Amino acid sequence: MIDTHSHINFDEYKQNFDNFLNEISDEEVEKVIIPGVEPSTFEEIISYCENYNMLYGTIGVHPSEFKTYNKETEEKIYNYLKHEKITAIGEIGLDYHYGADTKEEQKKILHAQLEIAQEVQMPVVIHDREAHDDVFEILNKYNLKDVIFHCFSGAPNFALKCIDKGYYIAIGGVVTFKNAKDLKETAKIIPLNRMLLETDAPYLTPVPFRGKLNSPAYLKYIAQEIAELRSTDVQEIKIETTDNAKRVFNI
């Protein structure tokens, strides 16, 4: 399996990191993609990618970090996107849950980064929290190579709207939560060839470890839940989502 979105460069994981990666590998996770969120982490992500075969990265500025986006940041993004193990621009997008009063600032840096993605024809990893309509409208203004909705949180009808555009839906640990009715329904109805798996570690730890530190090692619990929801074998979920990740991220 491939964990397509996991912040394992955070401090919580830095002690005994080699052992941590061995534990992940033991749980059938062959690759992990570390997302960029703000410029001060870019070089660290590159270092992880260069030092560990199983690690890949993305480069981008998260909407909550809009103040860090400037010409220097843009130059860094262009530069690091050339690295062979940087797979996409992200995570970028809009977050109206914590940033309802900064909508215009968020939109400005989203447009700027989508312009880069269009120019260099690389996939984009989208953070969309309580901003579905605006995100969708903005994405439609660009000719993008591929779009991945990270940690999908929309209703099933919005998921189908995204699928109609050829976008990918990444499903995380929330799908294992009892009250996640919309996401469970989305996991049932979207085509397997547009589904990706992620943990978003250290956040959103799946059942049965909810409340503890998340890890790519728990990806199998997300796959198992999706398999049960779709009444299919878990190996089908693992194989299909891995193939999708390799294709869209060019791994």
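Every value quoted in this text rests on a predicted model; they were computed, and no experiment measured them.
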- Item | Side chain Arg194, main chain Ile169, donor-acceptor under 3.5 Å | no

- Message: Under 3.5 Å, is there a donor on one side chain and an acceptor on the other for Thr186 and Asp182?
- Response: no

- Taking C-beta and beyond as the side chain, do Arg230 and Leu192 meet within less than 4.5 Å on heavy atoms? yes

- Query: What heavy-atom pair brings Pro35 and Ile45 nearest, and what distance separates the two atoms?
  - Reply: O-CD1, 3.6 Å

- Query: Given side chains that start at C-beta, do those of Val120 and Tyr78 come closer than 4.5 Å, heavy atoms only?
  - Reply: yes

- Is Lys141 paired with Glu115 through a side-chain N to carboxylate O contact shorter than 4.0 Å? no

- Query: Should the pair Lys184-Glu225 be classified as a salt bridge under the 4.0 Å nitrogen-to-oxygen rule?
  - Reply: yes

- To the nearest 0.5 Å, what is the distance between CG (Asp200) and CD1 (Ile171)? 13.5 Å

- Task: Drop me the distance from His97's NE2 to Arg129's CZ, to the nearest 0.5 angstrom.
- Result: 4.0 Å

- Would you say Gln121's side chain and Leu144's backbone share a donor-acceptor pair under 3.5 angstrom? no

- Item | Face-on cation placement of Lys103 at Tyr96 ring, 6.0 Å and 45° thresholds | yes

- Query: In Å and rounded to the nearest 0.5 Å, what is the CD1 to CG distance from Ile126 to Leu110?
  - Reply: 6.0 Å

- Item | Closest non-hydrogen atom pair between Ser215 and Ala201, with its separation | N-CB, 3.9 Å

- Is a side-chain donor or acceptor of Asn244 paired with a backbone partner of Met195 at a separation under 3.5 angstrom? yes

- Counting N and O atoms only, with roles assigned by atom type, does the side chain of Ser47 sit under 3.5 Å from a partner on the main chain of Glu43, one being a donor and the other an acceptor? no

- Message: With no hydrogens and no angle check, just 3.5 Å: does a side-chain donor-acceptor pair link Thr199 and Asp3?
- Response: yes

- Item | Residues Leu197, Leu219; criterion side-chain contact (heavy atoms from CB on, under 4.5 Å); working and verdict | CA-CA 7 Å; Leu197 301 181; Leu219 200 64; 3.9 Å; yes

- Tyr80 and Phe42 aromatic ring geometry - parallel, tilted or perpendicular at 30°/60° bounds: perpendicular

- Message: When you compare the side chain of Ile77 with that of Tyr69, does any pair of heavy atoms fall below 4.5 Å?
- Response: yes

- Message: Is it true that, when you exclude Gln15 itself, more than 12 heavy atoms of the residues, nucleotides or ligands shown sit nearer than 6.0 Å to its CD?
- Response: no

- Do side-chain atoms of Glu198 reach the backbone of Cys151 as a donor and acceptor pair under 3.5 angstrom? yes

- Does the Asn214 side chain pair with the main chain of Tyr203, one donor and one acceptor, at a distance under 3.5 Å? yes

- NZ/NE/NH1/NH2 to OD/OE distance under 4.0 Å, Glu104 and Lys107: yes

- Establish, yes or no, whether a centroid distance under 6.0 Å links the rings of Phe136 and Phe149. no

- Task: Ignoring hydrogens and angles, tell me if any N or O in the side chain of Thr4 forms a donor-acceptor pair with the backbone of Ala245 under 3.5 Å.
- Result: no

- Message: Looking only at the side chains, is there a donor atom on one of Thr73 and Asn70 sitting less than 3.5 Å from an acceptor on the other?
- Response: yes

- Message: Can you tell me if Asn53 has over 12 outside heavy atoms packed within less than 6.0 Å of its CG?
- Response: no

- Judged by atom type as modelled, is there a donor-acceptor pair below 3.5 Å linking the side chain of Thr58 to the main-chain atoms of Ala88? no

- Can Glu38 and His62 be counted as having a side-chain donor-acceptor contact under 3.5 angstrom? no

- Item | Check: Thr87 side chain, Phe249 main-chain N or O, donor-acceptor pair, under 3.5 Å | no

- Distance col, row Ile24:CD1 vs Glu30:CD, nearest 0.5 angstrom, shows 13.0 Å

- Query: Taking the inter-plane angle between the rings of Phe20 and Phe17 on a 0 to 90° scale, is it parallel (under 30°), tilted (30 to 60°) or perpendicular (over 60°)?
  - Reply: tilted

- CD1-CD1 distance between Ile226 and Ile237, expressed to the nearest 0.5 angstrom: 6.0 Å

- Verify the neighbour count for atom NZ of Lys178: are there more than 12 heavy atoms of other residues, nucleotides or ligands below 6.0 Å? no

- Does a salt bridge link Asp164 with Lys161, judged by any charged N lying under 4.0 Å from a carboxylate O? no

- Query: Just by distance, with hydrogens left out, do Asp18 and Tyr52 show a side-chain donor and acceptor under 3.5 Å apart?
  - Reply: yes

- Message: Testing the 3.5 Å rule here: is there a donor-acceptor pair between the side chains of Gln118 and Asn143?
- Response: no

- Glu50 with Lys85: basic N within carboxylate O range, under 4.0 Å: no

- Tyr142-His111 side chain donor-acceptor pair, cut-off 3.5 Å: yes

- How about Asp243: does its CG atom have over 12 heavy atoms from other parts shown lying under 6.0 Å from it? yes

- Task: Report the C-alpha distance between Gln113 and Val61 in whole Å, list the side-chain angles of each, state the deciding distance to 0.1 Å, and finish with yes or no for side-chain contact (heavy atoms from CB on, under 4.5 Å).
- Result: CA-CA 8 Å; Gln113 292 176 96; Val61 177; 3.8 Å; yes

